[in-house]
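Before any comments, here is the structure.
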4 protein chains.
Amino acid sequence: MSITGQKIWNPKRATDRRKQVLDAAESCFGMKGFHGASMADISKAAGMSAGHIYNYFASKDEIIAAFVQQNVERVSAIVRDLHQQDDPLQAIYDDLEKSIHEDLQVGYWKLPLEIYAEASRNPKIAALAQAADRHSSNEFLSILKKGRQKRGMQVDELALAGQVEAMIAFFQGLQVRAMLNPQLDEAALVEAMKSAMYVLLFDE
Amino acid sequence: MSITGQKIWNPKRATDRRKQVLDAAESCFGMKGFHGASMADISKAAGMSAGHIYNYFASKDEIIAAFVQQNVERVSAIVRDLHQQDDPLQAIYDDLEKSIHEDLQVGYWKLPLEIYAEASRNPKIAALAQAADRHSSNEFLSILKKGRQKRGMQVDELALAGQVEAMIAFFQGLQVRAMLNPQLDEAALVEAMKSAMYVLLFDE
Amino acid sequence: MSITGQKIWNPKRATDRRKQVLDAAESCFGMKGFHGASMADISKAAGMSAGHIYNYFASKDEIIAAFVQQNVERVSAIVRDLHQQDDPLQAIYDDLEKSIHEDLQVGYWKLPLEIYAEASRNPKIAALAQAADRHSSNEFLSILKKGRQKRGMQVDELALAGQVEAMIAFFQGLQVRAMLNPQLDEAALVEAMKSAMYVLLFDE
Amino acid sequence: MSITGQKIWNPKRATDRRKQVLDAAESCFGMKGFHGASMADISKAAGMSAGHIYNYFASKDEIIAAFVQQNVERVSAIVRDLHQQDDPLQAIYDDLEKSIHEDLQVGYWKLPLEIYAEASRNPKIAALAQAADRHSSNEFLSILKKGRQKRGMQVDELALAGQVEAMIAFFQGLQVRAMLNPQLDEAALVEAMKSAMYVLLFDE
DNA sequence: AATGAATGAGTTTTCATTCAT
DNA sequence: AATGAATGAAAACTCATTCAT
């Protein structure tokens with residue numbers, strides 16, 4: 001429209017605006033849930049008019065989807081970090097206390113619980129969450145496999161797959177525990193988790 | 001008014017109608033979630049006008065609360081059954097395959113996930129869920145304590161509390177796993193769970 | 001239906017039941033207004049099922065109408081009492097303090113105000129209220145006419161009609177004053193009213 | 001956003017829309033009363049969707065309150081005009097015919113009657129109406145006081161307060177008369193009112 | 001690019017009225 | 001005569017989405 005053409009689509013700005021919206025969504029969804037948070041809430045938190053948001057997202061559902069995508073990617077990133085470890089089995093075991101402590105913080109479980117519920121009835125969200133989960137699980141499995149091989153252990157892939165599932169269940173279950181039992185004794189839990197994780201990690 | 005008095009107020013009918021509504025709510029909440037399901041949906045599923053529902057529940061929130069209450073009581077009932085066992089530790093261990101299989105069925109995880117999300121932002125629901133959880137956890141703990149004593153084991157109550165938390169986390173985590181990984185290999189998972197549960201149950 | 005026939009329509013009982021309903025309506029309408037009071041409220045106050053009320057009144061509107069009728073009749077009764085007076089002009093004047101005091105009580109103005117508002121937009125109620133008002137005004141006028149004649153005064157009927165209107169306006173205006181000015185100084189008002197009523201009553 | 005800033009927030013438009021709604025409310029409330037008029041009625045009369053009205057008023061109650069406020073202010077304005085008069089006592093007396101005529105028009109009494117009824121059971125509206133009434137009464141009293149002093153009369157403030165109450169009762173009573181007696185003979189009424197108002201105004 | 005005014009379908013809830021018993 | 005379960009239409013209000021500017 002203008003002679004200099006600076007009004008042409010600017011992908012950098014678009015990315016920034018999407019991030020602005022998703023950050024706002026994070027705070028709104030955390031407080032009110034996906035369905036309790038209104039577009040007006042999000043637009044206010046994003047410092048942007050509700051109408052304008054529709055230039056970057058086709059619908060509220062798409063915001064939810066993008067938000068979920070962003071969140072499941074965080075888990076992938078955590079797993080990816082394990083790749084760097086020399087002895088991942090030991091590293092995971094040694095980090096248990098910290099990992100558990102993190103998992104029990106409200107910032108760590110509130111939105112995941114929201115996502116699980118949404119995924120349990122919204123097929124689009126389910127597909128996203130399942131795909132991300134598959135990817136992370138596979139990566140985790142391959143890390144553990146390499147880790148065991150490095151230690152000279154025989155690797156029964158099927159058994160390992162079961163152990164991976166169980167370990168992830170443990171950590172996702174902790175998110176539920178954090179919500180249901182705010183008085184939970186963390187130290188005692190860490191001790192119990194250590195013994196259970198030990199047999200799962202080292203297959204003993 | 002009648003001599004037999006059965007017309008003065010008929011609690012049976014009220015109970016029936018409430019059950020009718022809660023059954024309808026179960027199916028609607030399962031498909032659309034607490035907030036996605038409308039009173040119109042519920043009334044249609046209950047075969048009753050929306051207005052009439054308000055003769056039995058003061059508000060939609062009260063339906064949700066009653067529904068959640070009903071659901072958390074199912075868990076309590078499961079724990080209560082363990083009281084009957086002669087050697088509960090062994091019984092739990094032996095039943096693992098069946099318990100896990102049950103927990104992975106859609107009917108077992110869909111509504112719990114919904115409840116966890118709702119509880120994470122609705123204080124009334126949180127209070128209900130937490131109270132039920134506290135009760136079940138305590139009962140589970142006392143069952144295990146007695147079980148260990150019967151077996152002549154020393155009981156470290158704090159350690160046991162941590163183990164109880166971990167075991168519950170396991171099973172609640174399975175509900176998340178069931179949703180996120182529909183292709184999950186149950187047999188492998190059972191093997192892994194057995195080894196982890198063994199150390200938690202028998203403290204070895 | 002029964003052999004003895006005691007189930008045949010019993011007009012006495014019907015009258016009783018209607019009174020029961022109208023008494024209940026009085027208390028409900030006073031608290032919540034004609035439209036704020038529900039049939040459920042009235043039925044509870046009447047100690048009778050809502051459904052049953054419809055055996056005695058065809059609709060809620062009919063209850064309102066009957067209630068209004070009953071109320072406007074009270075005013076007629078007050079006027080009728082004046083017929084007994086030997087010197088009605090003096091009697092009215094002497095009773096002013098008491099009449100004003102009564103008119104300022106909440107029980108005397110609350111429902112009239114409700115009725116005026118309803119009549120101002122509901123033609124059926126307007127017709128009732130206007131008919132009763134016409135009747136009372138005429139009777140009041142004829143009482144004053146006789147009163148003046150007895151005192152040997154000339155009676156200008158048109159002037160008297162204007163004075164009657166003004167006097168009634170006075171008293172109905174007091175109902176509004178009572179509502180709008182709860183701190184109203186009654187003694188001062190009585191003095192002022194006395195002087196104004198004097199010229200209206202005695203045409204001086 | 002624009003340099004002149006007129007887009008940042010446009011208070012003119014908001015004021016216009018509120019006026020549009022209040023005008024619509026006036027006609028709807030007049031026809032059906034505060035509770036008989038629905039938001040749908042008002043929105044249709046305002047030429048605006050019902051939902052949109054909530055951008056300008058938080059609730060229907062707030063519309064009623066704003067509407068009542070607007071109406072009671074009209075009375076204040078009438079009293080304020082008297083301040084301009086050189087000899088207010090005489091001015092009021094001379095204007096009686098016109099004032100009475102106005103008071104008897106349907107536009108003058110319909111909504112006041114509605115307001116009186118609403119105020120008689122809605123504390124918020126009662127507070128509004130009473131505050132406005134207090135203000136107008138005080139102003140009216142001070143005008144009369146000055147007027148009497150100008151005429152060299154002694155002013156007994158308590159007596160004057162009673163007379164003020166009586167005069168206002170007169171005019172508010174006329175609103176009821178207009179509704180209850182549509183055939184009212186205005187000329188006769190004016191004559192009667194003149195004699196009564198004379199003694200109240202000039203304290204004779 | 002950005003606004004926010006505006007819509008209309010949808011939400012929960014209330015209530016006069018009917019009717020089987 | 002009497003109940004109260006049941007209905008359905010309407011109420012106030014919310015909100016994702018559109019669009020003129």
Side-chain angles (χ1 to χ4, degrees), chain A residues 1-2 6-10 13-14 17 35-43 47-61 63, chain B residues 1-2 6-10 13-14 16-17 35-43 47-61 63, chain C residues 1-2 6-10 13-14 17 35-43 47-61 63, chain D residues 1-2 7-10 13-14 17 35-43 47-61 63:
Chain A
M1 178 151 282
S2 96
Q6 70 267 48
K7 278 286 180 64
I8 286 174
W9 183 255
N10 179 336
R13 168 165 262 172
R17 289 279 174 276
H35 293 89
S38 69
M39 287 299 291
D41 292 332
I42 296 172
S43 83
M48 188 187 312
S49 76
H52 195 39
I53 292 182
Y54 283 83
N55 286 327
Y56 303 106
F57 295 91
S59 66
K60 190 186 172 187
D61 274 1
I63 298 177
Chain B
M1 263 302 145
S2 94
Q6 71 263 46
K7 200 60 175 301
I8 283 175
W9 205 62
N10 191 335
R13 170 164 244 160
D16 284 358
R17 288 281 173 274
H35 293 90
S38 71
M39 288 298 294
D41 292 331
I42 297 173
S43 82
M48 188 186 311
S49 75
H52 194 38
I53 292 181
Y54 285 83
N55 287 331
Y56 302 104
F57 295 91
S59 64
K60 190 186 171 187
D61 272 3
I63 298 177
Chain C
M1 178 148 283
S2 96
Q6 71 267 48
K7 277 286 180 64
I8 286 175
W9 183 255
N10 179 338
R13 169 165 260 174
R17 289 280 175 274
H35 293 88
S38 70
M39 288 298 291
D41 291 332
I42 296 172
S43 83
M48 186 186 313
S49 76
H52 196 37
I53 292 181
Y54 284 83
N55 287 327
Y56 304 105
F57 295 92
S59 65
K60 190 186 171 186
D61 274 0
I63 297 178
Chain D
M1 265 302 146
S2 94
K7 201 59 177 303
I8 283 174
W9 205 62
N10 191 334
R13 172 165 243 159
R17 288 279 173 277
H35 293 89
S38 71
M39 287 300 292
D41 292 333
I42 296 173
S43 82
M48 189 186 310
S49 76
H52 194 38
I53 292 181
Y54 286 84
N55 287 329
Y56 302 105
F57 294 92
S59 65
K60 189 185 172 188
D61 273 3
I63 298 178

- Message: Here's a test of your reading of the structure: between C/Gly51 and C/Gly36, which maps to the more 5' nucleotide of DNA chain E?
- Response: C/Gly36
- Return the nearest nucleotide to the side chain of C/Lys60; candidates are E/dT12, E/dA2, E/dA16. E/dA16
- Query: Pick the nucleotide of DNA chain E nearest each of D/Ile53 and B/Ser59; which residue has the one closer to the 5' end?
  - Reply: D/Ile53
- Message: What's the closest nucleotide to the side chain of C/Ser49 if the choices are F/dT18, E/dA6, F/dG4?
- Response: F/dG4
- Message: Suppose we define a pair by two distances each less than 3.5 Å, Watson-Crick or G-U wobble; what does E/dG8 pair with here?
- Response: F/dC15
- Rounded interatomic separation in angstrom, taking CE from B/Met39 and P from F/dT7: 13 Å
- Closest of E/dT17, F/dA5, F/dT14 to the D/Tyr54 side chain is F/dT14
- Task: Just name whichever nucleotide pairs with E/dT21, Watson-Crick or G-U, keeping both distances under 3.5 Å, else none.
- Result: F/dA2
- Query: Atom CZ of D/Phe57 and atom P of F/dC13: how far apart are they, to the nearest Å?
  - Reply: 13 Å
- Rounded interatomic separation in angstrom, taking CD1 from D/Ile63 and C1' from F/dA11: 14 Å
- From the options F/dA11, F/dA16, E/dT17, select the nucleotide whose nearest atom is closest to the side chain of D/Ser38. F/dA11
- Item | Nearest-Å distance for atom pair NE2/P, residues B/His35 and F/dA16 | 13 Å
- Item | D/Asp41 or C/Ala50, whichever maps to the more 5' nucleotide of DNA chain F | C/Ala50
- Task: Take atom CD1 of A/Ile42 and atom C1' of F/dT17, then tell me their distance rounded to the nearest Å.
- Result: 13 Å
- Message: With a 3.5 Å distance limit and no angle check, can you tell me whether B/Asp16 reaches the backbone of B/Arg13 through a side-chain donor-acceptor pair?
- Response: no
- Item | Separation between CD1 of A/Ile42 and CE of A/Met48, rounded to the nearest 0.5 Å | 11.0 Å
- What is the distance, rounded to the nearest whole Å, between atom CZ of D/Arg17 and atom C1' of E/dG4? 12 Å
- Given F/dA6, is OP1 or OP2 found less than 4.0 Å from the side-chain N or O atoms of B/Arg13? yes
- Note on the structure: Under a 3.5 Å limit on both distances, the Watson-Crick or wobble mate of E/dT13 is F/dA10
- Message: On a heavy-atom basis, which atom in C/Ser49 and which in C/Ser43 lie closest, and how many Å separate them?
- Response: C-CB, 3.9 Å
- Message: Without decimals, in angstroms, what is the distance between C/Met48 CE and F/dT3 P?
- Response: 7 Å
- Task: Tell me which nucleotide among E/dA1, E/dT18, E/dA5 gets nearest to the side chain of D/His52.
- Result: E/dA5
- Query: Hey, does B/Ala37 reach any base, or is it just sugar-phosphate, or nothing, if we go heavy atoms under 4.0 Å?
  - Reply: sugar-phosphate
- Message: Quick check for you: to the nearest 0.5 Å, what is the distance between D/Ile63 atom CD1 and D/Lys60 atom NZ?
- Response: 8.5 Å
